[in-house]
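This report concerns only the one structure given below.
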Amino acid sequence: MADGWKDFVAGTVGGFAGKLLDYPLDTVKVLLQTQNVSAGSGASVGTVAGEVPVVYRGAWHCLTHTFRTKGVKGLYKGLSSPLLGSMAENAVLFLTFGYFKRLLGEVPGEKDLSLTELSLAGAGAGGVVAFVLTPVELVKCRLQVQNSASSSAGFRAYKGPVDVVVQTLKTEGLVQGLYRGHASTLLREIPGNFCWYGVYEGVCKSMIPEGGTKADLGPSAHIIGGASAGVAYWTAFYPADTVKSQLQTHPDHARHGFYETFKSIFRKEGLRGLYRGWGVTAARAAPAHAAIFAGYEYTMKLLRPEHIDEERSFVMQESIHD
């Protein structure tokens, strides 16, 4: 199997594992980001003229309230689209990361890239994968928000992911509809993946035994590296994700761009508004991204020629003994 296809398959497995683990807390993150809190109101529950009702006092309140009122189904509302999207995202991400590594001169077994070069390859992959992520996340966010107690009139109620796509294309078009918030996605993905791959590769390099290679690392290195990378990714430029969520779910921002929405949030709520939901996001990122990298590395190990040859040899020996 060609290296590119190995990356694609392994990335798909990693994306599946990571999304199943992190989706409930992702729902909490989006609900916190998109409830419209009036700066200085001091209210935890209630309404402000022209604003969406404020419902959630924090991540724990949002999680327990959603579970109590909607059950597990409420926390996994809209999962099908992001699950497929996560598989596609990570497949494309690892595929393009491998491409950019080869472009920068990596030759497996002969020439390794520096940590800076690996980070740059990650940034390039982030710029490509943003084109997959923007429409997937728009569908996800709209389904999550319409299920929220803080949801207000504006966007219609959707029957499911396909209905979101059909209605959005029909009423808003492709660029202003499904790709609304794309600039925000790019501003999150490029620096985010620079840090994601840089931190992961840095942690792995630091854990390689003396005289060994990355292939000698066990699952613990991939888990620790993946967890660290997940937190780094979301810390790199979290406000871009807050702006994206607002652009994709609030009708008031339909004609606004990244800069206008960023200013609006900062003016009303300051840095606290731009970083709302960061804590729960970082908390979910550690185990979810550990699962992504562990799933990727394990699948890549299974797809290595030497492993396949060992399996074939074992099967042949078993047949002889039988």
Side-chain angles (χ1 to χ4, degrees), residues 22 24-66 69 74-75 77-78 133-134 137-138 140-155 176 180-192 195 230-285:
D22 93 324
L25 291 180
D26 182 66
T27 296
V28 171
K29 179 207 72 166
V30 171
L31 296 183
L32 288 171
Q33 285 178 327
T34 55
Q35 68 174 350
N36 207 353
V37 182
S38 178
S41 67
S44 59
V45 178
T47 59
V48 180
E51 299 281 342
V52 177
V54 178
V55 175
Y56 306 119
R57 296 187 293 271
W60 180 248
H61 181 217
C62 180
L63 178 66
T64 55
H65 181 277
T66 303
T69 58
L75 292 171
K77 181 74 173 180
L133 280 175
T134 300
E137 293 194 355
L138 180 134
K140 171 185 73 72
C141 288
R142 290 191 177 182
L143 287 172
Q144 287 172 323
V145 168
Q146 79 171 15
N147 190 55
S148 165
S150 66
S151 180
S152 66
F155 289 120
Q176 296 300 319
R180 178 186 298 177
H182 184 59
S184 303
T185 308
L186 285 169
L187 286 170
R188 184 193 70 191
E189 290 301 306
I190 293 173
C195 295
V231 175
Y233 167 88
W234 282 108
T235 304
F237 193 23
Y238 184 81
D241 189 69
T242 300
V243 172
K244 180 191 70 66
S245 294
Q246 291 276 356
L247 283 170
Q248 292 182 332
T249 61
H250 276 253
D252 292 345
H253 297 305
R255 295 182 178 83
H256 296 168
F258 176 87
Y259 182 62
E260 292 85 354
T261 305
F262 183 95
K263 280 200 309 180
S264 174
I265 297 171
F266 183 75
R267 186 172 61 251
K268 291 179 181 179
E269 306 171 59
L271 284 175
R272 186 175 182 178
L274 289 168
Y275 278 91
R276 186 188 302 131
W278 176 84
V280 69
T281 301
R284 75 177 174 86

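- No side-chain donor-acceptor contact under 3.5 Å links R188 to the backbone of F237.
- Taking 4.5 Å as the limit, every side-chain heavy atom of F258 sits out of range of all side-chain heavy atoms of K263.
- If you take CZ on F262 and OG1 on T242, they are separated by 9.5 Å, rounding to the nearest 0.5 Å.
- The shortest heavy-atom contact between A236 and G192 is CB-CA, 4.0 Å.
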- Task: Take Q248 and T134 through the test side chain to side chain contact (heavy atoms under 4.5 Å, CB included) and record every step on the way to the result.
- Result: CA-CA 9 Å; Q248 292 182 332; T134 300; 3.9 Å; yes
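- Atoms OG and CD, on S264 and Q246 in that order, are 7.5 Å from each other to the nearest 0.5 Å.
- Taking the side chain to side chain donor-acceptor pair (under 3.5 Å) definition, one finds that S184 meets it with nothing, sequence neighbours left out.
- Counting heavy atoms from C-beta outward, E189 and L186 have side chains that stay 4.5 Å or more apart.
- How far OG1 of T27 is from CG of L63: 9.5 Å, rounded to the nearest 0.5 Å.
- A distance of 15.0 Å separates CD1 of I265 from CZ of R272, quoted to the nearest 0.5 Å.
- Taking the six-membered ring where tryptophan is involved, the planes of Y56 and H65 are perpendicular, since the angle between them exceeds 60° and thus also 30°.
- In terms of heavy atoms, L247 sits closest to G181 at CD1-CA, 4.0 Å.
- Contact of the T66 side chain with the L31 side chain is registered, since non-hydrogen atoms from C-beta on lie closer than 4.5 Å.
- Between L274 atom CG and F266 atom CZ the span is 7.0 Å, to the nearest 0.5 Å.
- If you take NE2 on H182 and CD on Q176, they are separated by 12.5 Å, rounding to the nearest 0.5 Å.
- Side chains of C141 and K244 form a contact here, defined as non-hydrogen atoms less than 4.5 Å apart.
- Across all non-hydrogen atoms, the minimal contact from Y238 to G277 is OH-C, 3.1 Å.
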